[in-house]
Structures are given as C-alpha cells and as structure tokens.
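Reviewing the structure listed below.
Just so you know, ligand 1 is whichever comes first in the structure, and atom 1 is the first atom listed for that ligand. Every heavy atom of this structure was used, including side-chain atoms; hydrogens, water molecules and symmetry mates were not.
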Amino acid sequence: MAKKTKNTSGRGERDLKIKVKSARGRKLSSTLWLQRQLNDPYVRRAQDDGYRGRAAYKILELNEKFNFLTAGARVVDLGCAPGGWCQVAVPRVNSLGTKSGKVGKIVGVDLQVMESISGCDLYQLDFMDEGADDKVKEWLGGKADVVMSDMAASSSGHKQTDHLKIMALCEAAAYFAFDVLEDGGTFIAKTLAGGAEGDLQKLLKQKFTKVANVKPPASRANSSEKFVVATGFRG
Ligand SMILES: C[S@@+](CC[C@H](N)C(=O)[O-])C[C@H]1O[C@@H](n2cnc3c(N)ncnc32)[C@H](O)[C@@H]1O
C-alpha cells in the first residue's frame with residue numbers, strides 16, 4: 001500500500017518520501033490525506049513525544065513566543081479534542097514539586113467525547129449552544145488567565161463557507177473571553193484567511209493591548225490557517 005520512493009537529498013532515511021497507492025474503495029482525498037500524514041515530520045514527532053496530535057506543536061510554538069502557559073494559570077481550551085493542547089498546558093501550568101508549587105486549572109470542551117487527561121477537566125459540549133458559555137463559566141468557577149480556541153467546524157469544501165464558520169466560532173470565543181479573562185489575560189484563536197478577520201481584529205484591539213497574527217511553523221504552509229494572539233486584556 002505505502003511505498004518509499006528514492007531518497008535523492010542525501011540527508012538520510014527521514015527524507016524518504018512515502019507514496020501511497022490508491023486502493024479500491026478509497027477516495028483520492030483519503031489517499032492524499034494518508035500520504036500527507038505519513039510524510040509529515042510533526043505527525044511522527046507527536047507519536048514519539050506522546051502527544052495526541054500534531055496540533056500540540058502549534059500551541060507549543062505560540063507559547064514559546066508569547067509565554068502565556070505559566071505556573072498557576074487558569075486556562076480554557078475550546079475545541080480541545082483529541083487533547084494535544086491540553087497535554088502541552090498541563091506540565092506548564094502545574095509546577096508541583098518545584099519551589100513555586102503553583103497549580104493551575106485547565107477546562108477543556110469539545111463536541112466530541114474525549115479520553116481523560118490527568119490535570120484537565122474535560123467536557124463534551126457544543127460551544128455554540130444556547131447557554132454553553134454559562135456552563136463553561138460554572139466549570140471554571142472564576143476568572144481565567146488564558147482562553148484558547150482551536151475550534152474548527154468540519155470542512156464543507158467551500159472556502160468562503162468554511163471561513164465564515166470558523167470566524168463565527170472565533171467571535172463566540174472572543175465574547176466568552178471578554179467575560180471571563182482576568183486583567184492582563186491572553187486570548188488565542190485559530191482563524192482562516194478569507195476577509196472577515198478584519199472585524200475580529202477591530203473587536204480585539206478595543207479590549208487588548210496587543211493583537212498579533214501568527215502562523216506557527218507547525219501550521220501547514222499550504223493551509224490558510226493562522227492564529228490571532230491577543231495579549232494584555234483590559235477588562
Ligand atoms: C483542530 S481540532 C482541535 C485540536 C486540539 N487543539 C488538539 O490539540 O487536540 C478542532 C476541534 O474543534 C471542535 N469543535 C468544532 N466546533 C465546535 C463547537 N461548536 N463546540 C465545541 N467544539 C467544537 C471539533 O470537534 C474538533 O475536535
């Protein structure tokens with residue numbers, strides 16, 4: 001099914017490109033997805049590092065740049081399944097066994113049921129449901145230092161529709177952040193290029209000291225995905 005093609009770069013085994021033969025009954029899109037997974041160094045790294053998905057590296061890289069996952073931080077992770085971002089957050093917000101001994105809190109929600117992760121409170125919830133924000137507030141039991149959203153509706157195949165859907169999720173996450181963030185807090189959300197980002201920027205600039213648009217190296221170059229990182233919440 002999968003065949004390695006000749007390595008011409010001379011840089012070793014890791015450069016071998018795996019080509020996947022199409023199989024009867026499998027759609028071309030599935031074959032291409034499989035081929036991309038097998039050739040993606042972040043997929044391999046995630047397996048080696050014990051992360052549930054390559055998305056973990058996006059939040060790791062954003063955190064390296066903006067340092068929001070600090071000891072004792074209270075974090076809300078919207079669209080958290082299968083759990084890579086939560087896995088990254090746990091050891092950073094909890095500094096058990098160190099001098100500071102600070103313990104944070106992580107509340108994750110997703111449409112999908114998830115396997116538990118020690119150190120996180122995970123809930124199955126459609127964040128767009130009426131009253132969903134109140135439920136998350138209740139589970140949080142107070143203010144948050146970080147609201148991060150990797151929420152993405154399943155692709156419709158129509159670029160503009162997907163863009164508008166994700167921007168609606170971002171906006172809902174932003175209004176939720178305005179309600180729960182502590183002064184100085186951070187908001188992160190995944191966006192897709194397509195025209196409506198300007199409105200979100202305007203909205204965030206009224207409430208945060210700095211608003212940056214970032215494409216972390218782990219975000220696939222051929223995807224129009226980006227992350228908005230808003231720091232210094234002014235409640
Ligand atoms: C790219 S995945 C998130 C990956 C996650 N950050 C990780 O590291 O494992 C996007 C997630 O958003 C969730 N999602 C999409 N719409 C949602 C909604 N309305 N409410 C809650 N979760 C939603 C999807 O179920 C999906 O699991």
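Cation-pi geometry between Arg45 and Tyr57 is satisfied (NZ or CZ under 6.0 Å from the ring centre, within 45° of the ring normal).
A salt bridge does not link Arg234 to Asp183: none of the charged side-chain nitrogens sits closer than 4.0 Å to a carboxylate oxygen.
Of the protein's non-hydrogen atoms, Ala81 O, 3.6 Å is the one closest to atom 2 (S) of ligand 1. Residue, atom and distance of the protein heavy atom nearest to atom 7 (C) of ligand 1 are Gly84 N, 3.4 Å. Nearest to atom 20 (N) of ligand 1 among the protein's heavy atoms is Phe127 N, 2.9 Å. Annotation: atom 10 (C) of ligand 1 to nearest protein heavy atom, Asp150 O, 3.3 Å. Looking at atom 22 (N) of ligand 1, its nearest protein heavy atom turns out to be Leu111 N, 3.3 Å. Shortest contact from atom 19 (N) of ligand 1 to any protein heavy atom: Asp126 OD1, 2.8 Å. Protein heavy atom at the shortest distance from atom 13 (C) of ligand 1 is Asp110 OD2, 3.3 Å. In this structure, the protein non-hydrogen atom closest to atom 1 (C) of ligand 1 is Lys190 NZ, 3.5 Å.
Annotation: side chain of Leu125 is not in contact with side chain of Leu111 (no heavy-atom distance under 4.5 Å).
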Would you check, one step at a time, whether the test salt bridge (Lys or Arg N to Asp or Glu O under 4.0 Å) holds for Glu225 with Lys190?
CA-CA 7 Å; Glu225 164 190 277; Lys190 173 158 71 189; 3.6 Å; yes
Between Phe208 and Leu181, is a side-chain contact (heavy atoms from CB on, under 4.5 Å) present by the stated rule, with each step listed?
CA-CA 11 Å; Phe208 292 87; Leu181 275 182; 3.7 Å; yes
Are Thr186 and Asp145 close enough, and set up right, to give a side-chain contact (heavy atoms from CB on, under 4.5 Å), and what steps lead you there?
CA-CA 6 Å; Thr186 302; Asp145 302 293; over 6 Å; no
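With Asp121 contributing its side chain and Val107 its backbone, the two residues share no donor-acceptor pair below 3.5 Å. Judged by distance alone, the side chain of Lys105 and the main-chain N or O of Gly72 form no donor-acceptor pair under 3.5 Å. In this structure a side-chain-to-backbone donor-acceptor pair under 3.5 Å is present from Arg92 to Val88.
Counting heavy atoms under 4.0 Å from ligand 1, residue Cys80 touches it through the backbone alone.
Every N/O-N/O distance between Asp77 and ligand 1 stays at or above 3.5 Å. Inclusion of Gly83 in the set of residues having an N or O under 3.5 Å from an N or O of ligand 1 is warranted. For ligand 1, the polar-atom distance check against Pro82 finds a nitrogen or oxygen pair separated by under 3.5 Å. Not a single N or O atom of Leu169, backbone or side chain, sits closer than 3.5 Å to an N or O atom of ligand 1.
Within the structure, ligand 1 lacks Gln87 among the residues with a heavy atom less than 4.0 angstrom away. In this structure, Leu125 is part of the shell of residues with a heavy atom less than 4.0 angstrom from ligand 1. Look at Arg52 and you'll find every heavy atom at least 4.0 Å from all atoms of ligand 1. At a 4.0 Å cut-off, at least one heavy atom of Ala152 sits close enough to ligand 1 to count as contact.
Outside the 6.0 Å centre-distance limit, the rings of Phe178 and Phe187 are not counted as a close aromatic pair.
Note on Met128: it clusters hydrophobically with Leu192, by side-chain heavy-atom contacts below 4.5 Å among ILVMFWY residues.
Every atom of ligand 1 with a heavy atom of Ala55 under 4.0 Å away is listed here by number and element: 8 (O).
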